[in-house]
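Since the structure comes first, as structure tokens, the remarks are kept for the end.
Below, chain A is the first sequence line, B the second, and so on; all start at residue 1.
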Amino acid sequence: MTPNKTLHLYNSLSGKKEPFVPLHEGRVGMYVCGPTLYSEPHMGNMRTFINFDFIYRCLLHFGYQVKYVRNITDAGHITNSAGQEVDSIGSAARLEQVQSLEIVYKYNVKFQELQRLYNLLPPNIEPTATAHIQEQIEVIEQILENGFAYVENGSVYFDVKAYLQHFPYGELSGRKVEELEHETRALNAQEEKRFFADFALWKKAHPDDMQVWRSPWGNGNPGWHIECTAMSTKYLGKQFDIHGGGMDLKFPHHEDEIAQNCGSFGCNPARYWLHANMLNVNGQKMSKSFGNYFLPKEIVEGSSPLFSKPYAASVVRFFMLQAHYRSTLDITEEALNASEKGFERLMEGLSLLDKISPSNESSFSVEDWKQSAEAALLDDFNAPILIANLFEAVKQIHALNEGKAQLNESDLSLFRDTLAQLTFDVLGVEPIENQGNARLDGVMEVVMALRQKAREQKDWATSDMIRDGLAKAGIQIKDGKEGTSWG
RNA sequence: GGUCUCGUGGCCGAGCGGCUAGGCACCGGUCUGCAAAACCGUAUACUCCGGUUCGAAUCCGGACGAGACCUCCA
């Protein structure tokens, strides 16, 4: 296989890998569906955000000027399978006996903390649904004007049957409306919808609603899908390059977004639809309703009952990027431990590189290696192959260290720069900082000197007593060629 | 039930017609007073049954198994 020189990405819309051609050369508009803030995002949610952060970083690495928009859902009503109106945020607010806004604010603060913890680059804009009610109303008005929606008792519904006269529905998820009809529940008698596939754009206010907005159709709440259409249009235009989100949003959310966009502006909002796959626990998708979830904070604090020890956020991030974003990933303690060890080896390799001196000649091609690593990114953001290339580099670093390989000054500097870029800027991991403790350092210095003295006197009993005693205290002694270290 | 995806060595995972990633564990070696650590190296695989092909983990068909979606979801 010849390495790709241009970016190819898998488009869910076509089901194929396609060459990436942005609408405007050198620029990329990307919209990713963010969290609904009625609770704290779990690790599975984080996987999607980490994956799109990685994709964002790849695009930046290749020099694209990216406008990255990720919304925050802080309002919205949806009709569930029983035909009941669901307002997750309102429910959470009632449960916690506070205002909706308080719920949203509380979980937004937590989400921002998580972004920092997992080293997610901030999007250019993080718009909220509640700040864009007017824009949502305007899109609904446009859809009504185009004849693809109808008003019923203060609510507005998308008219799938009318829409089907002009556009296909179900292209993204590969569904046909005729098939859907047989598979889905019958229309509930109390429902106002004319057709089972119709969905709410605006929902009339309910007496229990904590948040209500005015609209041309009376007081109410926006539907669950319309915010993405309104905000992506406002910040990225009627059509933009990349739309991302979790696989589980494909239907109905993204399908309805396409319908809303076509129904108002006549075009699919995005040219490339990217879907990140799910995080599994014991072969099953992590989800709130299965109860098999844990929080991104718990794994770092070591408070999740699923794991016997804490893991650094970078280790978790590294673990996740060892799988491709389109594959499901099974999280287990054993797999995390494997990633942790590998991650430490990578980090130690990188710091070893700082100590390497240049030679007159180069014994291997840094340029070839760099191209191979970048080819992985160009091929639908293949993080696992990028990581394999990083470990290949670690091998070369050890060869350099042992004098079995050489690099001249310019190659060495290219090697250093590229490695740092790919590891820290693209993969987005951070070196694990040793929690320095000046007093302990001082004590250890004395202890190590005592042990060294014992060793010189071949007093193995004392030397081993120190080593074993420290091991019991959780401090490991590492005897190397250039002295002894501990950690 | 319908639609779709997937079954790769002890584990996690790439690859998706010939070049058989990578990490961890295992085993062997170097180093070491011994050990650990570190480094080097070997080995182990494509669920099963057919078919296409000079050649299949990779394409096609079937069986079995797992998962996702089918108006909560990242």
Side-chain angles (χ1 to χ4, degrees), chain A residues 1 15 32-36 38 41-52 78-84 86 88 91 170 173-176 179-180 182-185 193 196-200 224-225 244-253 255-256 275-280 283-290 318-319 322-324 326-343 345-346 348 352 376 379 382-392 395 398-399 401-402 404 455 458-460 463-464 467-468 471 476-481 484-487:
Chain A
M1 192 177 77
V32 173
C33 291
T36 301
Y38 65 100
H42 59 61
M43 206 62 235
N45 302 331
M46 278 309 289
R47 184 185 177 205
T48 296
F49 301 136
I50 289 171
N51 274 134
F52 281 103
I78 198 160
T79 309
N80 73 7
S81 56
Q84 295 158 331
V86 174
S88 312
S91 307
S173 54
R175 282 160 217 277
K176 292 189 171 63
E179 283 172 8
L180 275 174
H182 299 292
E183 297 155 18
T184 328
R185 69 200 156 81
K193 295 196 286 188
F196 78 95
D198 295 351
F199 53 93
W224 202 271
H225 313 299
M247 200 79 104
D248 49 356
L249 292 183
K250 231 180 187 180
F251 187 88
H253 183 61
E255 205 66 78
D256 289 346
H275 288 97
N277 218 322
M278 301 291 105
L279 181 67
N280 285 357
Q284 195 185 39
K285 171 187 165 183
M286 177 180 287
S287 85
K288 285 243 158 78
S289 41
F290 291 148
F318 185 72
F319 163 74
Q322 276 184 299
H324 191 261
R326 279 195 290 119
S327 303
T328 54
L329 169 65
D330 239 278
I331 190 164
T332 60
E333 175 140 34
E334 199 180 352
L336 267 173
N337 284 337
S339 286
E340 185 176 49
K341 287 226 172 183
F343 179 71
R345 200 162 80 83
L346 175 62
E348 277 161 25
L352 185 59
D379 184 17
N382 199 320
I385 292 190
L386 168 67
I387 290 174
N389 275 280
L390 294 179
F391 280 111
E392 185 54 43
K395 223 173 212 183
H398 288 298
N401 188 44
E402 285 160 29
K404 291 176 186 161
R455 292 182 76 200
K458 297 194 193 289
D459 179 3
W460 309 127
S463 152
D464 290 355
R467 182 216 283 161
D468 298 345
Q476 195 187 35
I477 298 280
K478 297 175 187 176
D479 290 327
K481 278 179 190 162
T484 302
S485 63
W486 57 277

Pull out every protein N or O sitting under 3.5 Å from an N or O of nucleotides 32-39 of chain B, one pair per line with the distance.
unit_1 : atom_1 : unit_2   : atom_2 : d
B:G33  : O6     : A:Ser463 : OG     : 3.0
B:G33  : N1     : A:Asp464 : OD1    : 3.1
B:G33  : N2     : A:Asp464 : OD2    : 3.0
B:C34  : N3     : A:Arg467 : NH2    : 2.3
B:C34  : N4     : A:Arg467 : NH2    : 2.9
B:A35  : N6     : A:Asp479 : OD2    : 2.5
B:A35  : N1     : A:Asp479 : OD2    : 3.4
B:A35  : N3     : A:Arg467 : NE     : 3.3
B:A35  : N3     : A:Arg467 : NH1    : 3.3
B:A35  : N3     : A:Arg467 : NH2    : 3.2
B:A36  : O2'    : A:Gln476 : NE2    : 2.8
B:A36  : N1     : A:Asp479 : N      : 3.2
B:A36  : N1     : A:Asp479 : O      : 3.0
B:C39  : OP1    : A:His398 : NE2    : 3.3
B:C39  : O2'    : A:Glu402 : OE2    : 3.0

Distances for protein N or O near nucleotides 46-48 of chain B N or O, under 3.5 Å:
none

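With distances taken from any side-chain atom of A:Ala323 to the nucleotides B:A74, B:G10, B:A14, the minimum falls on B:A14. Each of B:A74, B:C12, B:U71 was ranked by its minimum atom distance to the side chain of A:Pro252; first place goes to B:U71. Checking B:A68, B:A74, B:C69 against the side-chain heavy atoms of A:Leu279 singles out B:A74 as nearest.
The nearest heavy atom of RNA chain B to A:Ala276 and to A:Thr332 marks one nucleotide each, and the one closer to the 5' end goes with A:Thr332. Projected onto RNA chain B by closest heavy-atom contact, A:Phe343 and A:Ser173 fall at different nucleotides, the more 5' of which corresponds to A:Ser173.
Atoms CG (A:Leu352) and P (B:C40) sit 11 Å apart, rounded to a whole Å. Between A:His253 atom NE2 and B:C72 atom P there is a gap of 13 Å when expressed in whole angstrom units. Between the P atom of B:U71 and the CD atom of A:Glu255 lies a distance of 13 Å, rounded to the nearest Å. Summarising the geometry, the separation between NZ on A:Lys176 and P on B:C4 is reported as 8 Å, rounded to the nearest angstrom. Across the protein-nucleic acid pair, A:Asp256 atom CG and B:C70 atom C1' stand 13 Å apart, rounded to whole Å. The nearest whole Å value for the distance from the CG atom in A:Leu249 to the P atom in B:A74 is 6 Å. Separating the CE atom of A:Met247 from the P atom of B:G67 is a distance of 16 Å, rounded to the nearest angstrom. The separation between A:Asn337 atom CG and B:C11 atom P is 16 Å, rounded to whole Å.
Evaluation of atom-type donor-acceptor distances gives a pair under 3.5 Å for the side chain of A:Lys285 against the base of B:C73.
Across all strands, A:Asp330 comes closer than 4.0 Å only to sugar-phosphate atoms, never to a base (heavy-atom distances). Counting non-hydrogen atoms under 4.0 angstrom, A:Phe251 reaches the backbone sugars and phosphates but no base. Counting non-hydrogen atoms under 4.0 angstrom, A:Ala338 reaches a base of the nucleic acid. Within the nucleic acid shown, A:Glu392 has no heavy atom closer than 4.0 Å to any nucleic acid atom. Here A:Phe318 lies out of heavy-atom contact (under 4.0 Å) with every strand. Nucleic acid contact for A:Met46: none, since no nucleic acid atom lies under 4.0 Å from a heavy atom of the residue. Contact annotation for A:Gly44: base contact, defined as any heavy-atom pair under 4.0 Å involving a base atom.
Relative ring orientation between A:Phe391 and A:Phe318 is described as perpendicular, the plane-to-plane angle rising above 60° on a 0-90° scale split at 30° and 60°.
When the C1' atom is used for both B:G22 and B:G15, the distance is 11 Å, rounded to whole Å. Comparing the same atom, C1', in B:G2 and in B:A43 gives a spacing of 46 Å after rounding to whole Å. With both ends at atom C1', the span from B:C69 to B:A74 equals 14 Å, rounded to whole Å. To the nearest whole angstrom, the two C1' atoms, one in B:G62 and one in B:C70, are 26 Å apart. Distance noted for atom C1' between B:G51 and B:G55: 15 Å (whole Å). Taking the C1' atoms as reference points, B:U44 lies 5 Å from B:G9, given to the whole Å. Taking atom C1' in both B:U30 and B:U53, the straight-line distance is 47 Å, to the nearest Å. Rounded to the nearest Å, the gap between the C1' atom of B:C24 and that of B:G13 is 11 Å.
Base-pairing analysis of RNA chain B finds the following stems of at least three consecutive Watson-Crick or G-U pairs, with both pairing distances under 3.5 Å: B:1-7 with B:64-70, B:10-12 with B:22-24, B:27-30 with B:38-41, B:47-51 with B:59-63.
Every side-chain contact (heavy atoms from CB on, under 4.5 Å) that A:Arg326 has, sequence neighbours left out, goes to A:Tyr10, A:Lys17, A:His324, A:Asp380. With sequence neighbours left out, A:Asn280 forms a side chain to side chain donor-acceptor pair (under 3.5 Å) with no residue at all. For A:His42, the ring pair (Phe, Tyr, Trp, His ring centres under 6.0 Å) criterion is met by A:Tyr293, not counting sequence neighbours. Taking the side chain to side chain donor-acceptor pair (under 3.5 Å) definition, one finds that A:His253 meets it with A:His225, A:Glu257, sequence neighbours left out. Residues that satisfy the side-chain contact (heavy atoms from CB on, under 4.5 Å) test with A:Met43, not counting sequence neighbours, are A:Met46, A:Tyr118, A:Leu279, A:Met286, A:Phe294, A:Pro296, A:Ile299, A:Val316, A:Met320. Scored by the ring pair (Phe, Tyr, Trp, His ring centres under 6.0 Å) test, A:Phe319 finds no partners at all (sequence neighbours excluded). Among residues two or more places apart in sequence or in another chain, the salt bridge (Lys or Arg N to Asp or Glu O under 4.0 Å) test is passed with A:Lys404 by A:Glu402. Annotation: salt bridge (Lys or Arg N to Asp or Glu O under 4.0 Å) contacts of A:Asp330 (sequence neighbours excluded): none. Legend: residues meeting side-chain contact (heavy atoms from CB on, under 4.5 Å) with A:Arg455, ordered by chain and number and at least two apart, are A:Arg451, A:Gln452, A:Trp460, A:Ser463, A:Asp479, A:Thr484.
Residue A:Tyr38 holds its OH atom at 5.0 Å from NZ of A:Lys288, rounded to the nearest 0.5 Å.
A donor-acceptor contact shorter than 3.5 Å is absent between the side chain of A:Gln322 and the backbone of A:Ser339.
Contact of the A:Trp224 side chain with the A:Pro252 side chain is not registered, since no non-hydrogen atoms from C-beta on lie closer than 4.5 Å. A:Asn277 is not listed as a side-chain neighbour of A:Leu329, based on a closest heavy-atom distance of 4.5 Å or more.
Applying the 4.0 Å criterion to OP1 and OP2 of B:A68, one finds that A:Thr328 has every side-chain N and O outside that range.
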